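Encoded as structure tokens, the structure appears first; notes follow it.
In this text, all values refer to a predicted model and were calculated from it rather than measured experimentally.
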Amino acid sequence: MKQITAHPLHLVLGLVVWSVWFVALYGGLSVACEVAPPAAEAGALTWINASLLVLTLATTGVLLLLAWASLRAAPALKSNRRFILRIAAAIYLLSALSALFIGLPVVILPPCV
């Protein structure tokens, strides 16, 4: 795996990925419920929730991987670059935890109620 370099883009990239995931999650849910709503008796075990769960876990995994890579590359650099990578790692981690926390309702709630 290629090592991450310190770039100011990392300071906002985690939040950009999170916001794209958020729009895709709720936009996809709305479109899926309008086009092919599942039966209400199915509860949370529907193809819509399964798709949203996969999207959430994939996004969380990518954000956690970026956090780990940023933190791993930080000690080898000079102070300004190390600071950028440590803050980026914190933002990636916060974005990953936010995606996981907001995505958890797809496990327990029916999608189109």
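One hydrophobic cluster, built from ILVMFWY side chains closer than 4.5 Å, cannot hold both Leu25 and Val54; they sit in different ones. Under a hydrophobic clustering in which Ile, Leu, Val, Met, Phe, Trp and Tyr are joined whenever their side-chain heavy atoms come within less than 4.5 Å, directly or via other members, Trp47 and Leu57 fall into the same cluster. If you chain together hydrophobic residues whose side chains sit under 4.5 Å apart, Leu66 and Ile91 never meet in one group.
Note that CG of Leu29 is 11.5 Å distant from CG of Leu55, once rounded to the nearest 0.5 Å. We find the OG-CG distance between Ser95 and Leu15 to be 4.5 Å, quoted to the nearest 0.5 Å. One finds the CG atom of Leu97 at 11.0 Å from the CD1 atom of Ile102 (value rounded to the nearest 0.5 Å). Note that CD1 of Ile4 is 9.5 Å distant from CH2 of Trp68, once rounded to the nearest 0.5 Å. Rounded to the nearest 0.5 Å, atoms OG1 (Thr60) and CG (Leu100) are 5.0 Å apart.
The ring pair (Phe, Tyr, Trp, His ring centres under 6.0 Å) test applied to Phe22 returns Trp18, Tyr26, not counting sequence neighbours.
Exactly one residue among Ile84, Leu65, Leu85 makes a side chain to side chain contact (heavy atoms under 4.5 Å, CB included) with Ser70. That residue is Leu85.
Leu13 is listed as a side-chain neighbour of Tyr92, based on a closest heavy-atom distance under 4.5 Å. Using a 4.5 Å heavy-atom cutoff, the side chains of Ile108 and Leu104 are not in contact. No side-chain heavy atom of Val20 sits under 4.5 Å from any side-chain heavy atom of Val17.
Here the closest non-hydrogen pair linking Pro111 and Cys33 is O-SG, 3.8 Å. Counting all heavy atoms, side chain and backbone alike, Thr56 lies closest to Gly103 at CG2-CA, 3.9 Å.
In this structure, the side chain of Asn49 engages the main chain of Val106 through a donor-acceptor pair within 3.5 Å.
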For the pair Val12 and Leu9, evaluate side-chain contact (heavy atoms from CB on, under 4.5 Å) and give the outcome as yes or no after the intermediate values.
CA-CA 6 Å; Val12 295; Leu9 180 65; 4.3 Å; yes

